[in-house]
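Below is one structure; the comments refer to it alone.
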Protein chains: 2
Amino acid sequence: MSHTLGIRQAQKQKTRQALMDSALQLLEHQSLSSLGLREVTRAVGMAPAAFYRHFTGTADLGVALVEQALGSLHDTIRAAIVTTGSSEERIDRAVALIAAQVRTHPAHVRFIARERHGGVAPVREAIGVQLRAFGDEVAEALGADPESAGWPPEDVRMLAGVYVDHMVMTASALLEGDEGSEEAVLATARAQLRLVTLGRHHWLD
Amino acid sequence: MSHTLGIRQAQKQKTRQALMDSALQLLEHQSLSSLGLREVTRAVGMAPAAFYRHFTGTADLGVALVEQALGSLHDTIRAAIVTTGSSEERIDRAVALIAAQVRTHPAHVRFIARERHGGVAPVREAIGVQLRAFGDEVAEALGADPESAGWPPEDVRMLAGVYVDHMVMTASALLEGDEGSEEAVLATARAQLRLVTLGRHHWLD
DNA sequence: GCCTTGAGAGTACGACTGTTCACTGACTAC
DNA sequence: GTAGTCAGTGAACAGTCGTACTCTCAAGGC
């Protein structure tokens, strides 16, 4: 599949990426429904009309951004679930993973948090699909865990939903707080996961 | 304090409310950062310049909407926490309360969910203040509960945060799903609360 | 090597935006 | 009763917006 693509295609993908990067930067201080097509092209330094060579409109660009922000995260998350160790260690690793993701890709995280309930329906839908996919994958991983033996599948899926929601909440909490409060947010996140883990241990009592 | 206010002031408050109502309606399909001042006045049927008699801009209007959407909810939530009964009964009542709130004021709930991480900083801040106040109030109510005896205050506050976050998540989940999936969302919400309650029982083990 | 393709430039269009200003006329204080 | 206050009007301002059009010219297929 990785056949070398021509100079032309390569250049097109490059400017497409430039459009997405500039858009992501502009979205730091506004939401997608107010992002102008001209605004993006101006930031990249090209004519407005050229935008249409890559996207049908800003909504389309938003969907592409969702793909980029969440598409590559599936394997990472799946791997995080199946790590071994005590509950405490696994919680630490999961929270550290979220913190790392927020630190390395803050703009992507902000975009997802902002547009998850934002005003652009296709983008909302795309994020919903991705998060539901995360939930399914986490549920599958949890189902394989011996601790989930005897659990009804819908309860496993419910628990997976808690983990995914908590991940999103923690990520956006990290963005909102000033950088000094990072450790406090992470400590709360760990405590919350401990609470859930405790409930999980006694679910079938 | 309830001294009859003149015809003039009454009329002003009336149009102010009309502006807020129209804005809320327009915000059903877009976010605040893309809401135009002219758009709102057009919906109300008055001249654009008159807007400034009531708000300094759309951000100011948004903050007023936050106040209206969440300001009156404090007593309701506080009352919901202190109800008696078994854990199961209390969970049912809490979830029913959320469902009722979403059913009676869907536009307000959508606005809060959308702008909580939206592109307008003052509005984000106002929502954050209100939700933190909810958390504090819930924490205070939880602290009075005999079940929380021996809990460190920060753990009580953490638990309160879980409840508030869960409330917001459930509310927005109700909005996203089609009306047929309401009972499924509520069932999941109840299960999640049961999980947290279970963890709560064993927190000090 | 030539012919086709297509990314991007440049220009122009009408519609819409936030903000200002002088104004009107119903209410209110005295 | 009269003078002043002030919510709302209507016109005008300079910008910005999305979109359509023709044009250019480097890359790629044959």
Side-chain angles (χ1 to χ4, degrees), chain A residues 1-23 25-65 118-123, chain B residues 1-23 25-27 29-65 115 118-123:
Chain A
M1 60 194 310
S2 73
H3 92 287
T4 339
L5 72 186
I7 296 180
R8 200 151 190 185
Q9 299 271 339
Q11 180 59 36
K12 179 169 183 182
Q13 285 218 353
K14 205 172 162 186
T15 59
R16 181 186 154 99
Q17 189 57 46
L19 283 169
M20 290 171 68
D21 290 347
S22 289
Q25 197 177 327
L26 289 166
L27 285 170
E28 208 121 339
H29 300 294
Q30 62 184 321
S31 39
L32 186 63
S33 75
S34 70
L35 180 69
L37 164 168
R38 290 185 102 104
E39 206 176 342
V40 180
T41 56
R42 196 186 310 126
V44 176
M46 65 187 206
F51 184 91
Y52 295 108
R53 302 281 183 195
H54 301 274
F55 306 100
T56 68
T58 52
D60 190 23
L61 190 157
V63 172
L65 278 176
V120 183
V123 173
Chain B
M1 57 196 308
S2 74
H3 92 286
T4 337
L5 72 187
I7 298 179
R8 202 156 192 182
Q9 299 270 339
Q11 181 60 34
K12 180 169 183 181
Q13 286 217 352
K14 207 171 162 186
T15 58
R16 181 186 152 99
Q17 189 58 46
L19 284 169
M20 290 171 68
D21 290 346
S22 288
Q25 198 176 327
L26 290 166
L27 286 171
H29 299 294
Q30 61 183 319
S31 38
L32 185 63
S33 76
S34 71
L35 181 70
L37 163 169
R38 290 184 103 104
E39 206 176 342
V40 180
T41 56
R42 195 185 312 126
V44 176
M46 62 188 211
F51 184 92
Y52 295 107
R53 301 283 181 197
H54 302 274
F55 305 101
T56 66
T58 52
D60 191 23
L61 191 157
V63 173
L65 279 175
E115 301 304 329
V120 184
V123 173

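Chain letters run A, B, ... following the sequence lines, proteins first, then strands; residues in each count from 1. When reading the values below, keep in mind they use all heavy atoms of this one structure, side chains included, and skip hydrogens, waters and symmetry mates.
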A/D21/A/Q25 under side chain to side chain donor-acceptor pair (under 3.5 Å): CA gap, chis, key distance, verdict: CA-CA 6 Å; A/D21 290 347; A/Q25 197 177 327; over 6 Å; no
Residue pair A/E39 / A/Q30, side-chain heavy-atom distance below 4.5 Å: yes
For DNA chain D, the residues among residues 7-21 of chain A that have a non-hydrogen atom under 4.0 Å from it: A/I7, A/R8
Any donor-acceptor N/O pair, B/E115 side chain to B/L32 backbone, under 3.5 Å: yes
Rounded distance (Å) that lies between atom P of C/dG8 and atom CG of A/L37: 14 Å
Interatomic distance, A/L27 atom CG to A/L61 atom CG [nearest 0.5 angstrom]: 8.0 Å
Spacing of A/E39 atom CD relative to D/dT19 atom C1', expressed in whole Å: 17 Å
Validation row: A/T15, A/V44 side chains within 4.5 angstrom (heavy atoms): no
Separation of D/dG15 C1' from A/R42 CZ (nearest whole Å): 11 Å
Touch class at under 4.0 angstrom, heavy-atom based, for A/F51 against every strand present: nothing
Residue closer to the 5' end of DNA chain C, A/H54 versus A/P48 (nearest nucleotide): A/H54
Interatomic distance, B/M46 CE vs C/dG25 P [rounded to whole Å]: 19 Å
Min side-chain heavy-atom separation A/F55-A/L37 under 4.5 Å: no
Interatomic distance where CZ belongs to A/R38 and P belongs to D/dG18 [whole Å]: 7 Å
Nearest-Å distance for atom pair CZ/C1', residues B/R53 and D/dA7: 6 Å
